Amino acid sequence: MKQRVAAFLRDKLNYDVILEKPRDRSFGHFATPIAFSLAKELRQSPMTIAQEIASSFGEDAIFTAVESVQGYINFRLSETFLDEYASWALSHGDQFGSGDKKGSILLEFVSANPTGPLHIGHARGAVYGDTMLRLGRHLGYDITAEYYVNDAGNQIDLLGVSLQLEGRSSLLGESVQWPEKYYRGEYLSDLAKEVVNEFGADALRDESRQKELALWAKDKILALIVDDLASVQVHFDTFVGEASLYDEWDRVMAKMGDSVYLSEGKTLIKSSQFGDDHDRVVVREDGRPTYLAGDIIYHNQKFERGFDHYINIWGADHHGYIARVNAAVSFLGYNPDKLEVLLSQMVSLLKDGEPFKMSKRAGTVILMSDVVEEIGSDALRFMFASKKCDTALEFDIEELKRQDSSNPVYYVQYAHARIQTLIAKSEMDMETIMAAKLHGLSADADGLLFEALLLPEIIDDAFESRQAQKLPDYLKALAAKLHKFYYDTKIIGNEDEAKLLKLLLVVALSLKTGFSLLGIEAKDRM
RNA sequence: GCGCUCGUAGCUCAAUUGGAUAGAGUAACGGACUUCGGAUCCGUAGGUUAUAGGUUCGAACCCUAUCGGGCGCACCA
């Protein structure tokens with residue numbers, strides 16, 4: 001809708017006009033501060049310019065009124081325009097708000113190590129990434145969702161050790177010497193039992209089989225993670241394993257040329273040229289590659305696959321890593337501007353008002369699956385999607401679990417359910433409703449209609465600004481308007497019943513479309 | 001110490017990215033319908049936007065300094 005209006009204004013005035021929401025809806029549907037920015041170059045007061053522009057509009061198809069107020073220009077849309085746009089939206093169903101944006105994007109997110117099930121901290125990145133995925137696809141982008149599996153390195157060795165020790169301790173009753181760092185949790189004792197069934201108890205004692213067991217366990221755990229993700233409606237297109245990349249190492253090294261050098265038996269890259277504190281080791285003295293090496297090959301592979309744009313969603317604790325990867329991408333001969341790294345800030349937990357630290361060793365990890373079981377996928381997704389991802393956020397554990405009717409997701413779902421109830425209750429048939437013209441609406445009804453029709457702009461804005469929380473914010477506002485309208489206006493039996501039901505159908509459409517982009521079910525009954 | 005980042009109502013978060021009177025939820029208090037679903041609605045109260053300067057028609061947003069929190073500063077991933 002906004003695009004149509006903006007395009008109309010561009011034709012008419014010959015420059016791009018920024019359209020905003022007016023402070024007060026009684027001013028009109030849209031407003032622009034354009035006169036302020038023109039004031040300087042025209043050397044006239046904003047008021048005069050605004051008046052001049054406003055008076056240049058006569059009767060036309062889109063606006064019924066164009067007024068200047070204190071330098072702002074306010075536009076009021078015509079009923080014909082709004083009704084035609086609403087009818088168009090209803091006939092397009094859940095394609096409402098979709099776009100024809102061009103370009104392919106590789107979106108990498110979650111990428112949690114396959115050493116344990118997802119905990120609540122992972123949920124934020126998963127929900128945020130998946131919401132961006134859904135928004136982008138709705139807008140027309142060709143997006144591939146990818147999970148990078150760190151299946152090489154120390155943590156895999158540690159997994160093998162932990163698995164054997166866990167089995168020997170809990171299944172074989174041996175007293176074992178736990179190392180400094182190790183994994184623990186219910187999933188490990190389950191896996192140990194499987195080891196005994198599949199490989200025999202001896203496998204738990206044979207140190208030479210640690211690697212084999214670790215790799216076997218890694219696949220099992222990845223399957224757990226995939227299940228965890230599926231339980232919150234998150235699905236990936238591709239999984240890329242770190243271990244599978246190292247065959248490419250020599251070729252990738254050669255590609256980086258003299259940006260790589262040897263020093264004291266180690267191989268380093270000149271990442272300090274890109275704002276990194278110092279150059280980074282990529283191959284140790286003993287020939288083992290570092291984590292960065294894997295990421296360099298991975299990003300080389302990403303760019304060789306030829307996407308138009310790349311988005312990585314990382315936890316904020318990796319922010320120091322951006323310079324290194326940018327340096328590597330550049331050394332490989334690619335444009336680092338194509339790689340966009342979005343940081344999802346830490347989720348910190350409170351218990352009884354005190355900071356609560358999840359610890360794998362102490363067994364105090366709060367699993368995402370436990371929270372999903374407690375509050376459900378819809379509530380969890382709405383909660384995480386509602387938070388702007390670049391601010392750290394705190395959750396009280398008890399509050400997290402207590403979230404019931406106080407959770408805004410139910411407020412929004414209730415709005416949708418109310419509309420469905422009315423539609424079911426009314427004796428009007430769909431044809432009559434659709435044929436009604438949305439003319440002569442009250443100010444409240446007009447405001448509700450306009451709000452519901454804003455969805456496409458919200459989707460576009462939420463994706464392009466990478467701020468997914470704008471969608472839940474919008475849905476909450478739309479639901480609030482609906483509830484208020486419902487309270488004030490009796491619909492069934494109203495002389496304008498057909499008209500009002502059509503209006504409510506538009507609201508329901510926006511709610512349902514918005515929900516589906518959040519991976520949440522729009523309920524007809526609650 | 002250096003780098004990045006954040007600081008908005010008691011709490012959790014917004015603010016159309018520099019625009020009109022800084023808004024929601026929640027907690028507190030008070031109220032509403034014998035009526036389409038009370039998981040609702042309305043009201044009261046709550047703010048020197050961490051602090052001090054600066055930039056301009058205009059600042060929560062940009063610049064500088066200070067204070068405070070988070071994260072990073074590995075040959076771990």
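Naming convention: chains lettered A, B, ... in sequence-line order (proteins, then strands); numbering from 1 in each chain. Below, all heavy atoms of this structure are taken into account, side chains as well, without hydrogens, waters or symmetry copies. Treat the numbers as computed from the prediction; the structure is a model and nothing was measured.
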Among [options], the nucleotide that comes nearest once only the side chain of [X] is considered:
{"X": "A:Lys470", "options": "B:A15, B:A77, B:G37", "answer": "B:A15"}
{"X": "A:Pro33", "options": "B:U40, B:A20, B:G19", "answer": "B:G19"}
{"X": "A:Asn154", "options": "B:C76, B:G19, B:U40", "answer": "B:C76"}
{"X": "A:Leu422", "options": "B:C13, B:C42, B:C36", "answer": "B:C36"}
{"X": "A:Asp317", "options": "B:A77, B:G37, B:C71", "answer": "B:C71"}

Separation between the [atom1] atoms of [N] and [M], rounded to whole Å:
{"N": "B:G18", "M": "B:C63", "atom1": "C1'", "answer": "14 Å"}
{"N": "B:G19", "M": "B:A59", "atom1": "P", "answer": "11 Å"}
{"N": "B:G23", "M": "B:U48", "atom1": "P", "answer": "15 Å"}
{"N": "B:A52", "M": "B:G68", "atom1": "C1'", "answer": "15 Å"}
{"N": "B:G72", "M": "B:A65", "atom1": "P", "answer": "25 Å"}
{"N": "B:C61", "M": "B:C6", "atom1": "C1'", "answer": "13 Å"}
{"N": "B:C41", "M": "B:A27", "atom1": "P", "answer": "13 Å"}
{"N": "B:A77", "M": "B:A39", "atom1": "C1'", "answer": "45 Å"}

So what does [X] touch, heavy atoms closer than 4.0 Å: a base, only the sugar-phosphate, or nothing?
{"X": "A:Thr290", "answer": "sugar-phosphate"}
{"X": "A:Lys476", "answer": "nothing"}
{"X": "A:His483", "answer": "sugar-phosphate"}
{"X": "A:Glu20", "answer": "base"}

Next item on the list: Between A:Gly153 and A:Asp277, name the one whose nearest nucleotide on RNA chain B is closer to the 5' end.
Entry: A:Asp277
Checklist line | Upstream residue (5' side of RNA chain B) when A:Ser465 and A:Phe30 are each assigned their closest nucleotide | finding: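 Per heavy-atom nearest nucleotide, the more 5' residue is A:Ser465.
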Next item on the list: Scan residues 483-496 of chain A for pairs that pass salt bridge (Lys or Arg N to Asp or Glu O under 4.0 Å), counting only residues two or more places apart or in two chains.
Entry: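 For residues 483-496 of chain A, and leaving out neighbouring residues, the salt bridge (Lys or Arg N to Asp or Glu O under 4.0 Å) pairs sorted by first residue read A:Lys484-A:Asp488, A:Asp496-A:Lys499.
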Item checked: Side-chain N,O (A:Tyr414) to OP1/OP2 (B:C41) below 4.0 Å -> no
Margin query: Just to be sure I understand: a Watson-Crick pair is purine N1 to pyrimidine N3 plus N6-O4 or O6-N4, both under 3.5 Å. Using that and G-U wobbles, which stems of three or more pairs involve RNA chain B?
Written below: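 For RNA chain B the paired stretches long enough to count as stems (3 pairs minimum) are B:1-7 with B:67-73, B:10-13 with B:23-26, B:28-32 with B:40-44, B:50-54 with B:62-66.
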Next item on the list: Take atom OH of A:Tyr72 and atom P of B:G58, then tell me their distance rounded to the nearest Å.
Entry: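 About 13 Å, once rounded to whole Å.
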Looking at the base of [N], is there any donor atom on it, or on the side chain of [X], that sits under 3.5 Å from an acceptor on the other one?
{"X": "A:Asn74", "N": "B:A20", "result": "yes"}
{"X": "A:Gln467", "N": "B:U17", "result": "yes"}
{"X": "A:Tyr291", "N": "B:A74", "result": "no"}
{"X": "A:His318", "N": "B:G72", "result": "no"}

Margin query: Taking CE in A:Met47 as the centre, count heavy atoms belonging to other residues, nucleotides or ligands within less than 6.0 Å. Is the count above 12?
Written below: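 No, the 6.0 Å shell around CE holds no more than 12 heavy atoms from other groups.
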Item checked: Aromatic A:Phe463 / basic A:Arg466 pairing, under 6.0 angstrom, 45° off normal ->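 Output yes; distance and angle both within limits.
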Note to self: Using a 6.0 Å distance limit plus a 45 degree cone around the ring axis, check whether A:Arg418 lies over the aromatic ring of A:Tyr486.
What the structure shows: yes
Item checked: Least distance between heavy atoms, A:Leu229 atom then A:Ala126 atom -> CD2-CB, 4.0 Å
Note to self: Can you list, in residue-number order, the parts of residues 449-459 of chain A that come under 4.0 Å of RNA chain B, counting heavy atoms only?
What the structure shows: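 Close to the strand, none.
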Item checked: A:Tyr148 and its ring-ring contact (aromatic ring centres under 6.0 Å, His included) partner, picked from A:Tyr298, A:Phe239, A:Phe109 ->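 Among A:Tyr298, A:Phe239, A:Phe109, the one that satisfies the ring-ring contact (aromatic ring centres under 6.0 Å, His included) with A:Tyr148 is A:Tyr298.
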Check: Do A:His29 and A:Phe63 have their ring centres less than 6.0 Å from each other?
Finding: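 That pair fails the under 6.0 Å test.
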Item checked: Ring geometry between A:His318 and A:Tyr321 (parallel below 30°, tilted from 30 to 60°, perpendicular above 60°) ->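 Rings of A:Tyr321 and A:His318: perpendicular, over 60°.
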